[in-house]
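Atom set for the values below is all heavy atoms of this structure, side chains included, hydrogens, waters and symmetry mates excluded.
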Amino acid sequence: MDVAVQVLPTVNATLNALAAVLLVVGWVLIKQGRERAHKWTMMTAFGVSVVFLACYLTYHYALKAQYDVAGVAFQGPPNVRTAYLTMLASHVILAAAVPFLAAGTIYLGLRDRRQRHRRLARWTLPIWLYVSVTGVIVYVMLYHIYPSAPGKPIIEEPGQAAAADAAP
């Protein structure tokens, strides 16, 4: 199995968790009036999220290139699957908005447009935090609570499915 496919889900979850921690720290810092520390913490959170996005895209490219699949199947029971898919859908939809919200919020902050920055940040922070936290939850559910086999993603080796279909 390709190293990217084995390692990147854990890297992605770690980056999501780090982004969540940085977002909370950044929020605490601004509540304390520590603007400079807030600025650098939030810029770091954005950088971590950019690295996450690069790793996420690399992972899905590797899945498609190596195994001709778009993702890893959820193996939990039907009632949990429904909750998982609901959370995943909201995660994906909101994740598409995060880069634009974060970039806009950062732009306004760097331009010292404080009132507009605060107004947008009131939306950006909870959405970005939700996406970061649910990203970790999705990882834990997919790879640790309901894995197909201990420590291995649910991906068949090339040709394995065809051989299984040909068996009597």
With the side chain counted from C-beta on, respond yes when [X] and [Y] share a heavy-atom pair under 4.5 Å apart, and no when they do not.
{"X": "R118", "Y": "R114", "result": "yes"}
{"X": "L29", "Y": "K39", "result": "no"}
{"X": "L22", "Y": "L18", "result": "yes"}
{"X": "S49", "Y": "V98", "result": "no"}
{"X": "H38", "Y": "V25", "result": "no"}
{"X": "N16", "Y": "F52", "result": "yes"}
{"X": "M87", "Y": "Y130", "result": "yes"}
{"X": "Y143", "Y": "V72", "result": "yes"}

| task | Locate the shortest heavy-atom distance separating V131 from T134; write the atom from each residue and the value. | result | O-OG1, 3.3 Å
| Can the ring centroids of H144 and Y139 be said to lie less than 6.0 angstrom from one another? | yes
| query | Quick check: are there more than 12 heavy atoms from other residues, nucleotides or ligands sitting under 6.0 Å from CD of Q32? | reply | yes
| message | With a 6.0 Å cut-off (strictly less than), is the heavy-atom count around CZ of R119, excluding the residue itself, greater than 12? | response | yes
| Can a donor-acceptor pair be found between the side chains of T105 and W128 at a distance below 3.5 Å? | no
| task | Go through the steps to decide whether V138 and Y84 satisfy the test side chain to side chain contact (heavy atoms under 4.5 Å, CB included), and finish with yes or no. | result | CA-CA 7 Å; V138 164; Y84 168 83; 3.7 Å; yes
| Just by modelled atom types, is the A70 backbone N or O under 3.5 Å from a matching donor or acceptor in the H60 side chain? | yes
